[in-house]
**Q** 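Below you will find the structure I want to go over with you.
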Amino acid sequence: MKTKEFNEIVDNYSDNVYRFILKSIKNSDDAQDIVQEAFSRLWKNRDSVDFYKAKSYLFTTAYHIMIDNIRKKSREKVIDEFDANKYSHNNQYSDLQEVLHKAIDTLPELQKNLILLRDYEGYSYKEIGEITNLSESQVKVYIFRARKTLKDYIGKFENVI
């Protein structure tokens, strides 16, 4: 891969990778770091990565970096500062997209990532399987279960109003 091709990849895919990671971890700074690390790894491996497979390589690399960061943070013991919003709630929603985001946040991490890859980024089941190291049938099962959970959550009247 040449520098021109790498720059084209950055222009074409950086926003998509960033959106995917940001939807998963909800932290802009961490998402930017992960995307930058993914592109850094692509640059280091530019001689072995085919230009036409760079998108898949980026999403796979970013996904694995994200999982590593999540695991690292889960091992760290951090004392949260008191946040009044954390202990109060408002169950009235005026925005259905907010309800959808809240519903997606209730999913297990793997199902959430699979839904984001399939429904937000438009990957095929086969491509998602390659990114996440799951079989195509496993991907289909997890996505089915995630969609059922989302349907059940959104179907509850108290979650929509």
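Just so you know, these numbers use all the heavy atoms, side chains as well, and skip hydrogens, waters and symmetry mates. These numbers come from a predicted model, not from an experiment.
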**Q** Evaluate the side-chain proximity of Lys23 to His101: yes if any heavy-atom separation is below 4.5 Å, no if none is.
**A**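 His101 vs Lys23: side chains touch.
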**Q** For residues Ala62 and Val17, report the shortest heavy-atom separation together with the two atoms involved.
**A**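 Residues Ala62 and Val17, closest heavy atoms: CB-CG1, 3.7 Å.
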**Q** Show the nearest heavy-atom pair for residues Glu109 and Ser24, with the distance to one decimal.
**A**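 Closest approach of Glu109 to Ser24: OE2-O, 3.9 Å.
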**Q** Do the non-hydrogen side-chain atoms of Asn12 and Lys55 ever get within less than 4.5 Å of each other?
**A**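 No, side chains not in contact.
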**Q** side-chain contact (heavy atoms from CB on, under 4.5 Å) for Leu116 and Glu121? Distances and angles first, verdict last.
**A** CA-CA 6 Å; Leu116 293 175; Glu121 298 299 330; 5.8 Å; no
**Q** Calculate, to the nearest 0.5 Å, the distance between atoms CZ and NZ belonging to Arg145 and Lys140 respectively.
**A**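 Reported value, rounded in 0.5 Å steps: 14.5 Å.
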**Q** Are Leu100 and Leu114 connected in the hydrophobic side-chain network, where two residues link if heavy atoms are under 4.5 Å apart?
**A**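 Both belong to a single hydrophobic cluster.
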**Q** Taking the ring centre of each residue, are Phe59 and Tyr123 less than 6.0 Å apart?
**A**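 They qualify: ring centres under 6.0 Å apart.
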**Q** Under the 6.0 Å and 45° cation-pi test, does Arg46 pair with Phe6?
**A**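 The answer is no, since Arg46 fails at least one limit relative to Phe6.
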**Q** Look at the side-chain heavy atoms of Ile, Leu, Val, Met, Phe, Trp and Tyr, link any pair under 4.5 Å apart, and say whether Phe144 and Ile128 land in one connected group.
**A**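 In one cluster: no.
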**Q** Backbone N or O of Lys53 within a donor-acceptor pair of the Ser56 side chain at under 3.5 Å?
**A**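 No: the side chain of Ser56 does not pair with the backbone of Lys53.
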**Q** Under a 4.5 Å cut-off applied to non-hydrogen side-chain atoms, are Ile21 and Ile65 in contact?
**A**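 Ile21 vs Ile65: side chains apart.
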**Q** Take Tyr18 and Ser28 through the test side chain to side chain donor-acceptor pair (under 3.5 Å) and record every step on the way to the result.
**A** CA-CA 9 Å; Tyr18 174 75; Ser28 179; 2.8 Å; yes
**Q** Looking at every non-hydrogen atom in both residues, tell me the closest pair between Phe39 and Tyr13 and how far apart they are.
**A**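 Looking at all heavy atoms of both residues, the shortest contact is CZ-C, 4.3 Å.
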**Q** Do Asp105 and Lys112 make a side-chain contact, defined as non-hydrogen atoms from C-beta onward lying under 4.5 Å apart?
**A**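 The answer is yes, as the side chains (C-beta and beyond) meet within the 4.5 Å cut-off.
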**Q** Return the NZ to CG distance between Lys2 and Asp47, rounded to the nearest 0.5 Å.
**A**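 Atom-to-atom, Lys2:NZ and Asp47:CG are 10.5 Å apart.
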**Q** For the atom pair CG (Asn113) and CG (Leu107), what is the distance rounded to the nearest 0.5 Å?
**A**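 These two atoms lie 10.0 Å from each other.
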**Q** Begin from the C-alpha positions of Lys4 and Glu8 and carry the test salt bridge (Lys or Arg N to Asp or Glu O under 4.0 Å) through to its verdict.
**A** CA-CA 6 Å; Lys4 183 179 178 183; Glu8 184 179 332; over 6 Å; no
**Q** Are the side chains of Arg118 and Val139 in touch, meaning some heavy atoms are under 4.5 Å apart?
**A**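 They are not in contact (no side-chain heavy atoms under 4.5 Å apart), so the answer is no.
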**Q** Within this structure, what is the OG1-CG distance for the pair Thr132 and Leu110, rounded to the nearest 0.5 Å?
**A**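 CG of Leu110 is found 6.5 Å from OG1 of Thr132.
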**Q** Please walk me through it: do Thr60 and Glu130 pass side-chain contact (heavy atoms from CB on, under 4.5 Å)?
**A** CA-CA 8 Å; Thr60 302; Glu130 291 171 1; 5.7 Å; no
**Q** Closest heavy-atom contact between Ala54 and Val49?
**A**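 Answer, listing the atom of Ala54 first, then Val49: CA-CG1, 4.1 Å.
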**Q** For the residue pair Ile9 and Phe51, establish whether any side-chain heavy-atom pair is separated by less than 4.5 Å.
**A**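 Sidechains of Phe51 and Ile9: in contact.
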**Q** Does the side-chain contact (heavy atoms from CB on, under 4.5 Å) test come out yes or no for Lys26 and Leu22, once each step is laid out?
**A** CA-CA 5 Å; Lys26 305 274 192 266; Leu22 183 62; 5.8 Å; no
**Q** Is a donor on one side and an acceptor on the other found under 3.5 Å between the side chain of Asn27 and the backbone of Asp30?
**A**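 Yes; at least one donor-acceptor contact below 3.5 Å.
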**Q** Does atom CD of Gln36 have more than 12 heavy-atom neighbours from other groups under 6.0 Å away?
**A**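 Incorrect, the count does not exceed 12.
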**Q** What's the spacing between Asn69 CG and Asp33 CG if we round to 0.5 Å?
**A**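 Taking CG in Asn69 and CG in Asp33, the distance rounds to 8.0 Å.
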**Q** Strictly distance-based, threshold 3.5 Å: is any side-chain N or O of Gln111 a donor or acceptor partner for the main-chain N or O of Pro108?
**A**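 Here the side-chain-to-backbone pair does not exist.
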**Q** Are side-chain heavy atoms of Ile25 and Ile34 found at a separation under 4.5 Å?
**A**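 When only atoms from C-beta onward are counted, Ile34 and Ile25 do touch, with a gap below 4.5 Å.
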**Q** If only atom types and distance count, is the side chain of Thr106 paired as donor or acceptor with the main-chain N or O of Ala103 below 3.5 Å?
**A**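 The answer is yes, because a donor-acceptor pair under 3.5 Å joins these two groups.
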**Q** Do you know the tightest heavy-atom contact between Tyr63 and Ile131?
**A**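 Smallest interatomic distance, heavy atoms only, reads CD2-O, 3.9 Å.
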**Q** Under 3.5 Å, is there a donor-acceptor pair linking the side chains of Tyr57 and Asp50?
**A**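 No, no side-chain donor-acceptor pair sits under 3.5 Å.
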**Q** Can you find a heavy atom in the side chain of Asn133 that is under 4.5 Å from one in the side chain of His64?
**A**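 They are in contact (side-chain heavy atoms under 4.5 Å apart), so the answer is yes.
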**Q** Tyr125 and Val141: same hydrophobic cluster, using ILVMFWY side-chain contacts below 4.5 Å?
**A**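 No, Tyr125 and Val141 fall in different hydrophobic clusters.
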**Q** Got a salt bridge between Lys72 and Asp68, using NZ or NE/NH1/NH2 to carboxylate O under 4.0 Å?
**A**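 No.
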**Q** Less than 4.0 angstrom from a charged side-chain N to a carboxylate O is my criterion; do Arg41 and Glu37 meet it?
**A**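 Here Arg41 pairs with Glu37 in a salt bridge, since their nearest N and O are under 4.0 Å apart.
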